2 protein chains.
Amino acid sequence: MRMSELSRRSGASVTTIKYYLREGLLPAGRQLSATQAEYDENHLRRLRLIRALIGVRGLSVSTTREVLGALAEDTDDTHRLLGLTLGAIRLADEAEPDSPEPAEVDALIEELDWNVHGSAPARATLAETLAALRTLGSPLDWRVLLPYARLAEQTAVLDLDQLDGIEDPLEVAERALLLTVLLEPALLALRRMAQENESARRHADATGN
Amino acid sequence: MRMSELSRRSGASVTTIKYYLREGLLPAGRQLSATQAEYDENHLRRLRLIRALIGVRGLSVSTTREVLGALAEDTDDTHRLLGLTLGAIRLADEAEPDSPEPAEVDALIEELDWNVHGSAPARATLAETLAALRTLGSPLDWRVLLPYARLAEQTAVLDLDQLDGIEDPLEVAERALLLTVLLEPALLALRRMAQENESARRHADATGN
DNA sequence: GTTCTTGGATACCTCCACTATCCATGTTAG
DNA sequence: CTAACATGGATAGTGGAGGTATCCAAGAAC
């Protein structure tokens with residue numbers, strides 16, 4: 001198909017598609033001549049994925065490029081891919097190398113007996129959250145995170161179950177990416193609603209209502 | 001204290017503080033004269049909170065203003081405040097009024113027997129996630145979200161437990177805000193690490209390693 | 001009383017995700 | 001065959017967001 005059809009079927013404008021090609025998010029089509037190129041279903045899938053990551057989830061173009069790169073390389077190493085995508089979350093870049101939090105994070109992971117890569121960006125995210133709460137005068141002991149982590153374990157089991165029965169490694173990686181990244185706002189939304197519900201429940205209990 | 005001291009103790013530059021004053025994020029100080037104003041500890045607390053929401057969490061200035069406004073008004077209605085902050089999450093603004101997802105979301109909440117406000121932005125977030133997955137060719141039945149929601153319930157219990165023992169309503173609201181918003185990246189980080197761990201575990205099982 | 005600091009207003013800057021325009025080459029309708 | 005339109009690629013421009021730099025008049029410090 002031509003670029004205009006790609007545009008129609010994906011909802012992205014032709015100029016936006018050109019932009020993604022330039023930025024290396026979308027691989028070039030098959031060149032038919034100097035000024036003609038052809039695209040296939042894979043381009044369409046990829047483009048829809050890009051639109052979801054950027055438009056729905058709000059990832060930056062550069063993050064999206066990294067994530068898609070990981071998708072291309074590590075279709076086998078699914079759990080490495082899952083780790084990689086966290087760079088997405090956009091946490092402040094201001095690393096404080098002298099902060100004591102990494103030790104706390106290490107202690108947490110040790111206590112959990114988790115097998116996670118030492119350089120996982122998730123570690124930095126945790127450390128920074130603890131640091132931020134500390135400077136705000138509401139420090140949080142890492143042990144408070146333990147029960148949260150146990151719930152995260154159960155969430156991860158659900159996540160991985162979703163990938164069962166898919167054979168094609170590329171498809172596994174792509175669905176893993178989708179479920180990891182796109183489900184994040186949904187899970188946070190569930191948490192907010194659950195908080196509202198729990199808060200109302202406790203308030204009702206307290207007033208005997 | 002003067003603006004310069006506010007700047008030193010908060011880490012934000014004087015010009016940034018002026019910017020937040022202009023944008024209405026930070027209340028004006030007590031005017032001593034035409035060109036002198038004085039700030040107190042409350043300003044400092046507020047400013048640190050703003051820096052955490054914008055700098056660490058990445059909220060927009062306008063969202064932060066809304067959230068802080070809710071904090072000022074609804075110090076009593078904590079669970080309403082919790083619901084309000086979800087506007088933060090930045091999901092695409094492209095509401096599709098003819099999408100069938102709201103019905104699914106309603107079914108989910110009905111099944112959960114949750115007491116949540118009908119206009120909760122979280123509902124829209126869920127609907128949009130389902131819509132995005134559908135257009136990507138990976139539709140997700142709302143029933144799949146049920147076990148996730150049950151885990152969210154337990155998470156919410158942990159969240160609300162953190163607020164126990166605080167009397168001052170303003171302090172409750174502020175800590176609720178911190179724990180809800182700042183903990184979000186941390187919870188997602190825990191999920192990613194748990195996924196990595198679970199994936200490694202399953203892989204090890206499969207290979208008999 | 002001169003120098004430094006402060007608060008306030010205004011204009012400017014940088015980055016990001018697009019978007020508009022131009023042009024040479026291709027395709028297609030008559 | 002040719003004239004009108006479409007396509008791809010390159011380059012420059014747009015709009016919004018989150019600050020930042022500069023200027024100035026009024027106080028404060030020595």
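No experiment lies behind these values; they were computed from the predicted model shown. Lettering follows sequence order; numbering is per chain, from 1.
- Judged purely by atom type and a 3.5 angstrom limit, B:Arg123 has no side-chain atom pairing as donor or acceptor with the backbone of B:Val105.
- Atom CG of A:Leu32 is separated from atom C1' of D:dA6 by 14 Å (rounded to the nearest Å).
- In this structure, A:Glu5 atom CD and D:dT7 atom C1' are separated by 14 Å, rounded to whole Å.
- Along DNA chain D, the nucleotide closest to A:Val14 and the one closest to B:Val61 are compared, and the more 5′ of them pairs with A:Val14.
- With a 4.5 Å cut-off on side-chain heavy atoms, A:Arg46 and A:Ile50 count as touching.
- In this structure, the side chain of B:Ser7 does not engage the main chain of B:Met3 through any donor-acceptor pair within 3.5 Å.
- A:Ser4 comes within contact range of the sugar-phosphate backbone alone, with a heavy-atom separation under 4.0 Å but no base atom that close.
- Going from atom CZ of B:Arg51 over to atom P of D:dG18 covers 11 Å, rounded to whole Å.
- The distance from atom CD1 of A:Ile17 to atom C1' of D:dG8 is 12 Å, rounded to the nearest whole Å.
- The ring pair (Phe, Tyr, Trp, His ring centres under 6.0 Å) contacts involving residues 22-51 of chain B comprise B:Tyr39-B:His43, where partners must be two or more places apart or lie in separate chains.
- Looking at A:Trp114 and B:Glu196, their side chains never bring a donor and an acceptor atom within 3.5 Å of each other.
- A:Tyr20 contributes no side-chain N or O that, together with a main-chain N or O of A:Val61, makes up a donor-acceptor pair within less than 3.5 Å.
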Under 3.5 Å, N/O pairs linking protein and nucleotides 20-30 of chain D:
| from | atom 1 | to | atom 2 | distance (Å) |
| --- | --- | --- | --- | --- |
| D:dT20 | OP2 | B:Ser13 | OG | 3.4 |
| D:dT20 | OP2 | B:Thr16 | OG1 | 2.7 |

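- Interface residues of residues 37-46 of chain A facing DNA chain D, ordered by number: A:Ala37, A:Tyr39; criterion, heavy-atom separation under 4.0 Å.
- A:Leu44 pairs by the side-chain contact (heavy atoms from CB on, under 4.5 Å) definition with A:Leu6, A:Arg9, A:Ser10, A:Glu41, A:Arg48, not counting sequence neighbours.
- Evaluation of the salt bridge (Lys or Arg N to Asp or Glu O under 4.0 Å) rule for B:Asp40 yields no partner, not counting sequence neighbours.
- Mapping A:Ser62 and B:Met3 onto DNA chain C by nearest heavy atom places B:Met3 closer to the 5' end of the strand.
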Give every donor-acceptor pair under 3.5 Å between a side-chain atom in residues 29-36 of chain A and any protein atom, sequence neighbours left out.
| from | atom 1 | to | atom 2 | distance (Å) |
| --- | --- | --- | --- | --- |
| A:Arg30 | NH2 | A:Glu38 | OE1 | 2.9 |
| A:Gln31 | NE2 | A:Ser33 | O | 3.1 |
| A:Ser33 | OG | A:Gln36 | N | 3.4 |

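- With sequence neighbours left out, B:Leu178 forms a side-chain contact (heavy atoms from CB on, under 4.5 Å) with A:Leu133, A:Leu136, A:Ser138, B:Leu49, B:Leu182.
- Reading DNA chain C from its 5' end, the first and the last nucleotide to sit under 4.0 Å from a heavy atom of chain B are C:dT6 to C:dT10.
- Judged as a salt bridge (Lys or Arg N to Asp or Glu O under 4.0 Å), and not counting sequence neighbours, A:Arg8 has no contacts.
- Heavy atoms of B:Glu23 sit nowhere under 4.0 angstrom from any nucleic acid atom.
- Not counting sequence neighbours, B:Glu167 has no partner by the salt bridge (Lys or Arg N to Asp or Glu O under 4.0 Å) test.
- Scanning for salt bridge (Lys or Arg N to Asp or Glu O under 4.0 Å) contacts around B:Asp141 gives B:Arg143, with sequence neighbours left out.
- Overall bending of the helix from C:dG1-D:dC30 to C:dG30-D:dC1, expressed as the angle between end axes built from five pairs apiece, is 10° (10° steps).
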